[in-house]
Colleague: 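Structure incoming, see below.
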Amino acid sequence: MQKNNIKIFVLLLTAGLAACSKNYLDRKPSDLITEQEVFHNIENAEKFVNVIYQSLPNIFKPASPWMLSSATDETNQASDNSASYPDAGNFNTNSMSPSNFPMQSQWGDYYGKIRSCNLFLANFAGVPADPNYPERRNRLKGEVLVLRAFYYFQLLIRWGDVPIIDGVQNPFDDPNGIYYKRNSMQEVMQAILKDLDEAQGLLPMTYNSRPNNWGRATKMIALALKGRVLLYNASPLFNPSNDQTRWAAAADACKAALDSALLNGHGLHGNYGEIFIQYFNKEAIWSRPAPGAFGDGGIDREMNPRGANGYGNINPLQELVDDYEMQASGLPITDAQSGYNPARPYEGRDPRFYATILYPGVMWKGRALDPNGADAPRSGQITTNYWPRKYLLESVNLFAGTGATDRKWALIRTAELYLNFAEAENEARGPGSTVNGAINAVRARAGMPVFGGGSKEATREKIRNERRIELALEDHRFWDVRRWKIAEQTDNGDVHGVQVTGTGNVTYTYPVLEKRVFDTKRNYWLPVPQSEIDKVSGRNAEFKQTNGWQ
């Protein structure tokens, strides 16, 4: 690796290096910051690490969780003039190619962040200690290991076999050395787990004593990520032979994460709806600031109905609405004993429905939502006539630009840990009181009846639906239906919205919004960007395109 000047000064300047004792803004454009200047100063080293966090998922980033929500059976991204929304629509119509598909930029983005992780680790020996905060130096290394593991996991769930690059490569030193083969999924899994295990010994469990470090990786985050990674590793897409030892390992890791969370002050927040409109609460284990309320890309502007001066661009599907159970019976609406009344479809549902979805006739910002009046779509806009409630502040006034407070996007929260454990334990050791207890902790917080148990298969279906409801619109469903290998059912066929006719005793019909297509031969994995294939062509025969995308 070269030790000469490196072009990282722009990133460091954006992280705030101008405030350091040496005024880098006065340097000549050709006078680059050296690695020694960056990594032999712990303040600079920490700012370098700060930049590595920038590719963590957030709402409305390119190829964002909202796009993925609309590329599965949760939502529709409202489009104009009957044109498919350019990102989710490519999934839904199977119109992708290696040269043009959503998330293709993430290949380079994540590998770029992994290179930054490798660069930090290669220079870690030169990072000095902070005499006023002795744990800081090791903490930074632990953060970088968690981030590298996280970014590799993002590559893994998108592409499966991907190259493992654990050192800093310079194409000017070795022009042939950068053309790697795709390592197997299990090799990548083991590299991820190795990083997470090492990080645990370097990180504090929480930052309760140093709240200014909120959002940085902790031992608790490393434990939670390990549980999630092992859960995926045991799931059908990654574990076609249903190796039970993988489920046992996942159950143990998920139990360790849940126990640690509860022991260290995390838990289920008493009010489900508040989790998503507060900046701090005990349920959030890892979270990032969410976009502001106003302007393009603002949470409230994008999701609010048009009568509230929103764009109405994110629309829950009827398929999601239908999967909320009846509160009194705890039964799905398809069960004749559930108590569901199709003439009053929104009455008596799981309370999480009302905290997640705005529906025709509900009171919002002092008026009843009317998809045939003030909340009608734009001319040519394709909508379901439902809107998200989760994440939105009713106090926000989009006309006046007032009433907003900061919120955060939860990457990991305690409810997920309960459901991760319930799923892994049911598959590893079968149903019973332990599994039911984890399911019912989540249901009880929501005000839903106790799940009394059942066969392994029945419990599996209950857990899957509980994840669908509890974690709706949180960037889980797209990945869940793939790891379970059920996307060919959930994401393949007609999806629906609602039409309301009349006043008073209205009637409801459920028109087809779109016919979606899922190709089992190729759509469980993404193609490698064609630009990457072209780079390696003729240089490394082991670097091949994803099956089905050749």
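Sequence positions, counted from 1, serve as the residue numbers for this chain.
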Colleague: Does G267 offer a backbone N or O that forms a donor-acceptor pair with the side chain of T414 under 3.5 Å?
Modeller: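 Yes.
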Colleague: State the CG-CG distance between L225 and L230, to the nearest 0.5 angstrom.
Modeller: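 L225 CG to L230 CG: 11.0 Å, rounded to 0.5 Å.
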Colleague: Backbone N or O of R158 within a donor-acceptor pair of the R482 side chain at under 3.5 Å?
Modeller: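 Not confirmed, R482 side chain does not pair with R158 backbone.
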Colleague: Return the CG to CE distance between N233 and M185, rounded to the nearest 0.5 Å.
Modeller: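 N233 CG to M185 CE: 8.5 Å, rounded to 0.5 Å.
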Colleague: Quick check for you: to the nearest 0.5 Å, what is the distance between T356 atom OG1 and D350 atom CG?
Modeller: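 Result: 8.0 Å between the selected atoms.
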Colleague: Heavy atoms only: give me the nearest A217-Y53 pair and the separation to one decimal.
Modeller: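 Closest approach of A217 to Y53: N-OH, 3.0 Å.
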Colleague: Heavy atoms only: give me the nearest A191-I164 pair and the separation to one decimal.
Modeller: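 Minimum heavy-atom separation between A191 and I164: CB-CD1, 4.1 Å.
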Colleague: Would you sort out whether N118 and R148 count as a side chain to side chain donor-acceptor pair (under 3.5 Å), showing the intermediate values?
Modeller: CA-CA 8 Å; N118 292 339; R148 185 167 70 172; 2.7 Å; yes
Colleague: Please round to the nearest 0.5 Å and tell me the distance separating atom CG of N313 and atom CG of N304.
Modeller: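 Reported to 0.5 Å precision, the distance equals 11.5 Å.
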Colleague: Does the Y111 side chain pair with the main chain of P163, one donor and one acceptor, at a distance under 3.5 Å?
Modeller: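 Here the side-chain-to-backbone pair exists.
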Colleague: Answer whether the closest heavy-atom distance between the side chains of K113 and L147 falls below 4.5 Å.
Modeller: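 When only atoms from C-beta onward are counted, L147 and K113 do not touch, as no gap falls below 4.5 Å.
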Colleague: Could you tell me if the side chain of E416 sits less than 4.5 Å from the side chain of E474, heavy atoms only?
Modeller: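 Sidechains of E416 and E474: no contact.
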Colleague: Just do the side-chain contact (heavy atoms from CB on, under 4.5 Å) check on K408 and F280 with the steps written out, would you?
Modeller: CA-CA 8 Å; K408 57 185 179 179; F280 291 105; 3.9 Å; yes
Colleague: Using the ring centroid of each side chain, check whether Y232 and W479 are separated by less than 6.0 Å.
Modeller: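 Ring centroids of Y232 and W479 are no less than 6.0 Å from each other.
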Colleague: Could you go through S241 and D243, starting from their C-alpha distance and side-chain angles, then the distance that decides it, and tell me whether this counts as side chain to side chain donor-acceptor pair (under 3.5 Å)?
Modeller: CA-CA 6 Å; S241 65; D243 181 349; 5.5 Å; no
Colleague: Identify the two heavy atoms, one from K219 and one from Q200, that lie closest to each other, and give their separation to 0.1 Å.
Modeller: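 The pair with the smallest heavy-atom distance is CD-O, 3.6 Å.
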Colleague: Is a donor on one side and an acceptor on the other found under 3.5 Å between the side chain of S69 and the backbone of L473?
Modeller: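 The answer is no, because no donor-acceptor pair under 3.5 Å joins these two groups.
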Colleague: Spell out, as yes or no, whether a donor-acceptor pair under 3.5 Å connects the side chain of R389 to the backbone of L392.
Modeller: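 Looks like yes, one N/O pair under 3.5 Å.
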Colleague: Please lay out, stage by stage, how N242 and W247 fare under the test side-chain contact (heavy atoms from CB on, under 4.5 Å).
Modeller: CA-CA 8 Å; N242 198 27; W247 283 114; 2.9 Å; yes
Colleague: State whether the side chain of D109 and the backbone N or O of S105 hold a donor-acceptor pair below 3.5 Å, judged by distance alone.
Modeller: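 Flag not set: sc D109 to bb S105 has no pair under 3.5 Å.
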Colleague: Considering only residues two or more places apart or on different chains, which pairs with a residue in residues 256-265 satisfy side-chain hydrogen bond (donor to acceptor under 3.5 Å, both in side chains)?
Modeller: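 Of all non-adjacent pairs touching residues 256-265, those that pass side-chain hydrogen bond (donor to acceptor under 3.5 Å, both in side chains) are K255-D259.
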Colleague: Quick test of your reading of the model: are D480 and R468 salt-bridged, counting only N-O distances below 4.0 Å?
Modeller: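 Between R468 and D480 there is no salt bridge, as every charged N stays at least 4.0 Å from the carboxylate O atoms.
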Colleague: What's the verdict on ring pair (Phe, Tyr, Trp, His ring centres under 6.0 Å) for W286 and F150, showing C-alpha distance, side-chain angles and the deciding distance?
Modeller: CA-CA 12 Å; W286 198 12; F150 182 84; 5.6 Å; yes
Colleague: Any sub-3.5 Å donor-acceptor pair from N465's side-chain atoms to E461's backbone N or O?
Modeller: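 No.
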Colleague: Determine which pairs satisfy ring-ring contact (aromatic ring centres under 6.0 Å, His included) with at least one residue from residues 448-469, sequence neighbours left out, and list them in order.
Modeller: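 Qualifying pairs, neighbours excluded: none.
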Colleague: My understanding is that only residues two or more places apart in sequence, or in another chain, count here; which of them pass side chain to side chain contact (heavy atoms under 4.5 Å, CB included) with Q104?
Modeller: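 Per chain and number, Q104 pairs via side chain to side chain contact (heavy atoms under 4.5 Å, CB included) with N100, F101, P529.
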Colleague: Between P388 and L358, which heavy-atom pair has the shortest distance, and what is it?
Modeller: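 For P388 and L358, the tightest heavy-atom pair comes out as O-CD1, 3.5 Å.
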Colleague: How long is the gap from CG on N183 to CG on D161, to the nearest 0.5 Å?
Modeller: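 One finds 8.0 Å between CG of N183 and CG of D161.
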Colleague: Please enumerate all residues that pass side chain to side chain contact (heavy atoms under 4.5 Å, CB included) together with N281, with sequence neighbours excluded.
Modeller: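 Partners of N281 by the side chain to side chain contact (heavy atoms under 4.5 Å, CB included) criterion, ordered by chain and then number, come out as H269, I275, Q278, E283, A284.
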Colleague: Run K194 and E198 through side-chain contact (heavy atoms from CB on, under 4.5 Å) and show every step you take.
Modeller: CA-CA 6 Å; K194 180 177 181 293; E198 183 179 353; 4.3 Å; yes
Colleague: Quick one: does T72's side chain have a donor or acceptor within less than 3.5 Å of a partner on E74's backbone?
Modeller: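 Here the side-chain-to-backbone pair does not exist.
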Colleague: Which pairs pass salt bridge (charged side-chain N to carboxylate O under 4.0 Å, His left out) with one or both residues in residues 428-443, sequence neighbours excluded?
Modeller: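 Applying salt bridge (charged side-chain N to carboxylate O under 4.0 Å, His left out) to every pair that reaches into residues 428-443, excluding sequence neighbours, yields D252-R429, E325-R443, E425-R429, R443-E466.
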Colleague: So, taking the atom named CG in L68 and the one named CD in Q77, what distance separates them when rounded to the nearest 0.5 Å?
Modeller: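 Here the rounded value is 9.0 Å.
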Colleague: How far apart are the closest heavy atoms of F153 and V229, and which atoms are they?
Modeller: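 Taking every non-hydrogen atom into account, CD1-CG2, 3.7 Å.
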Colleague: List the atom of P134, the atom of N132, and the distance in Å for their closest heavy-atom pair.
Modeller: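 Where P134 meets N132 most closely, the heavy atoms are CD-C, 3.8 Å.
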Colleague: Got a donor-acceptor contact below 3.5 angstrom from the S287 side chain to the A410 backbone?
Modeller: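 Not a single qualifying donor-acceptor pair exists.
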Colleague: Not counting sequence neighbours, list each pair that qualifies as a ring-ring contact (aromatic ring centres under 6.0 Å, His included) and has a residue in residues 410-443.
Modeller: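 Listed once each, the pairs would be none.
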Colleague: Would R182 and T546 count as a side chain to side chain donor-acceptor pair (under 3.5 Å) if you check the C-alpha gap in whole Å, the side-chain angles of each, and the deciding distance to 0.1 Å?
Modeller: CA-CA 10 Å; R182 296 176 71 171; T546 307; 3.2 Å; yes
Colleague: Decide if the gap between the ring center of Y110 and the ring center of W159 is smaller than 6.0 angstrom.
Modeller: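 Between Y110 and W159, the centre distance exceeds or equals 6.0 Å.
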Colleague: Should L145 and L121 be marked as a side-chain contact (heavy atoms from CB on, under 4.5 Å) after you check the CA-CA gap, both sets of side-chain angles, and the distance that decides it?
Modeller: CA-CA 9 Å; L145 289 169; L121 294 171; 4.1 Å; yes
Colleague: Strictly by salt bridge (charged side-chain N to carboxylate O under 4.0 Å, His left out), give each pair with a member in residues 118-129 just once, sequence neighbours left out.
Modeller: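 Applying salt bridge (charged side-chain N to carboxylate O under 4.0 Å, His left out) to every pair that reaches into residues 118-129, excluding sequence neighbours, yields nothing.
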Colleague: Applying salt bridge (charged side-chain N to carboxylate O under 4.0 Å, His left out), can you list everything that pairs with D166, at least two apart in sequence or on another chain?
Modeller: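 For D166 there are no salt bridge (charged side-chain N to carboxylate O under 4.0 Å, His left out) partners, ignoring immediate neighbours.
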Colleague: Could you list the residues that satisfy side chain to side chain contact (heavy atoms under 4.5 Å, CB included) with K456, not counting sequence neighbours?
Modeller: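 Q244, N426, E427, P431, R460.
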Colleague: Classify the ring geometry between Y272 and F276 as parallel (under 30°), tilted (30 to 60°) or perpendicular (over 60°).
Modeller: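 Answer is perpendicular, since the angle exceeds 60°.
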Colleague: Are F238 and L156 close enough that some pair of their side-chain heavy atoms sits under 4.5 Å apart?
Modeller: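 Counting from C-beta outward, F238 and L156 do come under 4.5 Å.
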Colleague: Among residues two or more places apart or on two chains, list those pairs meeting salt bridge (charged side-chain N to carboxylate O under 4.0 Å, His left out) that have a residue in residues 204-216.
Modeller: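 Every pair satisfying salt bridge (charged side-chain N to carboxylate O under 4.0 Å, His left out) with a residue in residues 204-216: E46-R216, E143-R216.
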Colleague: I'd like to check the side chain to side chain contact (heavy atoms under 4.5 Å, CB included) partners of S209; sequence neighbours left out, ordered by chain and number.
Modeller: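 Applying side chain to side chain contact (heavy atoms under 4.5 Å, CB included) to S209 gives none.
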Colleague: Sequence neighbours left out, what passes ring pair (Phe, Tyr, Trp, His ring centres under 6.0 Å) with Y354? Give chain and number order.
Modeller: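 Result, ring pair (Phe, Tyr, Trp, His ring centres under 6.0 Å) vs Y354: none returned.
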Colleague: Decide, yes or no, whether a salt bridge links D323 with R464 under the criterion of side-chain N to carboxylate O below 4.0 Å.
Modeller: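 No.
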Colleague: For the backbone of L411 and the side chain of R288, can you confirm whether one donor and one acceptor N or O come within less than 3.5 Å of each other?
Modeller: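 Side chain of R288 to backbone of L411, a donor-acceptor pair under 3.5 Å: no, none is there.
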